[in-house]
Every structure is written in structure tokens, then in C-alpha cells.
Amino acid sequence: MKMGNTKDNYGLIAIAIHWLVAFGFLGAYGSVYYRHWFSEGGFSMTELNSNMIALYLHLSFGITIAVFVALRILWKLINKTPNDVPGGSKFEHLAAHAMHWSLYAVMIILPITGYMGTKLDTNFFFLFDIPKFNDTPLYPLVVEKWLQTDWEHFEPIVDAIHKNTGAYVCWFLIILHAGAAIYHHVARKDIVLKRMAPWLR
Ligand code: HEM
Ligand code: HEM
């Protein structure tokens, strides 16, 4: 299999990053819902209870996703995107493209708003600390200089964008996207899923 995409197929790098990001989403969602539904102990800056472990895992998965998404976008810019699989209607191709752009949008918006609204440093997979946004030199530049506001007004807005995009918009997109891929594989029996999941060939 080729490293880069060809006009008919996704290459190894695009496929690897697609599934790494998908597993990253599984980790980010799994940890935040574990925190909401099953964890014990409250928010604490001193005690590493299961609530805090789940929260740090969420932040760590989110930041990992951001790194892979940056690589993915770079790769997409320097590499060709395979042509649409023949057979679908014009509308179906348009819908698939709109879905991909929407997924790129949430892949960018979620980590950025998550990072900007977080009140604590990220203990990255319990290895090292990544400083929170409002301790970085970007904070005064973006929030105070460009947006001319302060943390009390800024935080609830980015938080609301993060939570609503994560809890509703992104789920809606992923379910439609994965559902369409499975529909192509099971009902249409075409190569749409196989070219992103070559082990099914
Ligand atoms: C693509 C990556 C991410 C996804 C899919 C995601 C998704 C979510 C979801 C679904 C929630 C809970 C919303 C609710 O209240 O129902 C949440 C909360 C939160 N996220 Fe993220 N997030 C991501 C990245 C990040 C990043 C990078 C950070 C910070 C470094 C972050 C920080 C937070 C915080 C502090 C909360 C509130 C904690 C909580 O509700 O338990 N997120 N996120
Ligand atoms: C079980 C889960 C998933 C399945 C079965 C799946 C399947 C696929 C397939 C078959 C394609 C190729 C579509 C085509 O050739 O037109 C694709 C592309 C894509 N997927 Fe997924 N996917 C899944 C999860 C995700 C997740 C979680 C994201 C991100 C949030 C995502 C983002 C994308 C994007 C942006 C593309 C377009 C790639 C490009 O051409 O630039 N996928 N996916």
C-alpha cells in the first residue's frame, strides 16, 4: 500500500491518522462520560481521585487529537484527496463532502475551545504538565487585546461552545458519518468503507 493518497485510494498515512483520531475521540468521550456517570470524589487540585483521573484523561486525549488533527490537515494540504467513489448521485457526493468539512470543523473547534476554557493545567497522561491557556502569552493577546474582554466573560462562552458541540453537534455528525459508511458497506456493497478500512477488502 502507498504512503500517499492516489486518485482512487486513501494511502497508509491518511488511513492511520483517520483511525488514530477516531480512537482519540473514543478516549475523549469515554473519559468525560466516565467522569460524569461513574467517577467518585469531586473536583480537586490536590487529590488524584477517579473524578480527576478521568478529567486529566479527557484533557490528554483532547490535546492528542489536536496534534493529530494538525498533522492531518497538513497532510491533506500537501496530498491529493481521492476522487469520489463512482456510482453515487451528485447529491450524495455533495452530502459526503459537506459532512467531511463539518467533521474537520468540529475536530478544530473542540480541542481549541476545550483548551481555552479549562481552569487547570493538563497533566498529560500523568507524564508532564501542559500549562492552561490563561497562563500562556496567548491569553492576554487573544482575550484582552483582540476580544477586549476578560476571563469572567470569556470562559462561559467557550465552555458553552465546547460542551454543546461535544455533547450534541459532534455526536450527530459522527453517527451520520459512521452510519453512512456502514450503509455503503452492507447495503451498497461498494468500496467506500474498504478504502478507509483496507483490512475489510
Ligand atoms: C476532540 C476532542 C474533544 C471532545 C470530543 C470533547 C468532548 C467533550 C464533552 C462531550 C464534554 C462534556 C459535555 C457535557 O457537559 O455534556 C466535554 C467537557 C469538557 N472538556 Fe472536552 N472535548 C475534547 C477536547 C478537550 C480538550 C483539548 C480540553 C482541554 C485541554 C477539554 C476540556 C474539557 C473540560 C474542562 C470539560 C468540562 C469537564 C466535564 O464536563 O466533566 N476538552 N468535552
Ligand atoms: C466508526 C467510525 C468511523 C467510520 C466507520 C468512518 C469511515 C470513514 C470512511 C469510509 C471515510 C471515507 C469516505 C470517502 O471515501 O468518501 C471517512 C472519511 C473521513 N472521516 Fe471517518 N469514519 C469514522 C469515524 C470518524 C471520526 C470520529 C471522525 C472525526 C471526528 C471522522 C472524520 C472523517 C473525515 C474528516 C473524513 C474525510 C477524509 C478526507 O478525505 O479528508 N471519521 N471515514
Side-chain angles (χ1 to χ4, degrees), residues 5 8-11 13-15 17-37 39 42-43 51-52 54-69 72-73 75-77 79-86 88 92-93 95-124 130-133 155 158-186 190-198 200:
N5 298 343
D8 295 320
N9 277 302
Y10 284 102
I13 295 182
I15 292 173
I17 301 184
H18 175 272
W19 292 111
L20 281 169
V21 171
F23 278 110
F25 268 74
L26 198 67
Y29 274 122
S31 48
V32 85
Y33 290 133
Y34 176 85
R35 173 170 199 243
H36 284 201
W37 297 332
S39 72
F43 182 90
N51 184 309
M52 291 310 287
L55 180 57
Y56 282 129
L57 284 177
H58 179 70
L59 310 186
S60 304
F61 275 114
I63 288 176
T64 310
I65 292 171
V67 173
F68 281 119
V69 168
R72 181 174 191 170
I73 291 172
W75 187 240
K76 192 168 172 69
L77 290 175
N79 190 32
K80 58 169 92 66
T81 299
N83 294 334
D84 295 326
V85 172
E92 282 170 328
H93 291 314
H97 286 256
M99 171 58 78
H100 294 165
W101 287 115
S102 310
L103 286 165
Y104 276 111
V106 296
M107 283 190 283
I108 295 169
I109 292 168
L110 277 172
I112 291 179
T113 52
Y115 178 65
M116 284 182 153
T118 300
K119 296 171 204 68
L120 77 170
D121 295 347
T122 295
N123 188 342
F124 188 78
I130 299 175
K132 58 182 179 297
F133 173 63
E155 192 263 345
V158 276
D159 227 39
I161 299 175
H162 186 73
K163 289 188 172 174
N164 287 302
T165 309
Y168 307 109
V169 181
C170 188
W171 268 123
F172 175 75
L173 295 175
I174 291 179
I175 288 169
L176 271 183
H177 171 69
I182 292 165
Y183 165 76
H184 273 279
H185 191 65
V186 175
D190 58 23
I191 59 151
V192 168
L193 181 56
K194 285 187 190 140
R195 62 180 198 169
M196 191 48 98
L200 296 174

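Scope of the values below: all heavy atoms of this structure, side chains included, with no hydrogens, waters or symmetry mates. Computed from a predicted structure; not experimentally measured. Indexing begins at 1, ligand by ligand and atom by atom, following the structure's order.
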Looking at [X], which atoms of ligand 1 are within less than 4.0 Å of one of its heavy atoms?
X	value
G166	10 (C)
T118	29 (C), 32 (C), 35 (C)
A167	10 (C), 16 (O)
G62	24 (C), 27 (C)

Minimum heavy-atom distance between [X] and [Y], given as atom pair plus value:
X	Y	result
D121	Y56	O-CE2, 3.4 Å
L120	K132	O-CB, 3.6 Å
R72	I17	CB-CG2, 3.6 Å
A167	Y33	CA-OH, 4.0 Å
Y10	R195	CB-O, 3.6 Å

| said: Could you check whether atom CZ of F124 has more than 12 heavy atoms from other residues, nucleotides or ligands sitting under 6.0 Å from it? | reply: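 Counting other residues, nucleotides and ligands, CZ of F124 exceeds 12 neighbours.
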Can you give the donor-acceptor pairs under 3.5 Å from side chains of residues 23-31 to other protein atoms, not counting sequence neighbours?
residue : atom : partner : partner atom : Å
Y29     : OH   : G166    : O            : 2.6
S31     : OG   : G27     : O            : 2.7
S31     : OG   : A28     : O            : 3.2
S31     : OG   : H58     : N            : 3.4

Polar pairs, ligand 2 vs protein, N/O only, below 3.5 Å.
residue  : atom   : partner : partner atom : Å
ligand 2 : 15 (O) : R195    : NE           : 3.4
ligand 2 : 15 (O) : R195    : NH2          : 3.2
ligand 2 : 20 (N) : H18     : NE2          : 2.9
ligand 2 : 20 (N) : H177    : NE2          : 2.8
ligand 2 : 22 (N) : H18     : NE2          : 2.9
ligand 2 : 22 (N) : H177    : NE2          : 2.8
ligand 2 : 40 (O) : Y10     : OH           : 2.7
ligand 2 : 41 (O) : K76     : NZ           : 2.7
ligand 2 : 41 (O) : Y104    : OH           : 2.7
ligand 2 : 42 (N) : H18     : NE2          : 2.9
ligand 2 : 42 (N) : H177    : NE2          : 2.9
ligand 2 : 43 (N) : H18     : NE2          : 2.9
ligand 2 : 43 (N) : H177    : NE2          : 2.7

| Taking the non-hydrogen atoms of Y33, is any one of them nearer than 4.0 angstrom to ligand 1? |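 Flag set, Y33 near ligand 1.
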| field | Residue list, salt bridge (charged side-chain N to carboxylate O under 4.0 Å, His left out) with K163, at least two apart or on another chain | value |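 For K163, the residues satisfying salt bridge (charged side-chain N to carboxylate O under 4.0 Å, His left out) (neighbours in sequence not counted) are D159.
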| note | Taken in chain and number order and not counting sequence neighbours, the residues that satisfy salt bridge (charged side-chain N to carboxylate O under 4.0 Å, His left out) with K119 are E155
| Do any N or O atoms from the side chain of N5 and from the backbone of P82 form a donor-acceptor pair under 3.5 angstrom? | no
| query | Heavy-atom contacts under 4.0 Å between H58 and ligand 1: side chain, backbone, both, or neither? | reply |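 Side chain only.
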| Does H36, backbone or side chain, put an N or O under 3.5 Å from an N or O of ligand 1? |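 Such a contact does occur with ligand 1.
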| message | Please name the atom of H162, limited to N, O or S, that comes nearest to atom 21 (Fe) of ligand 1. | response | NE2
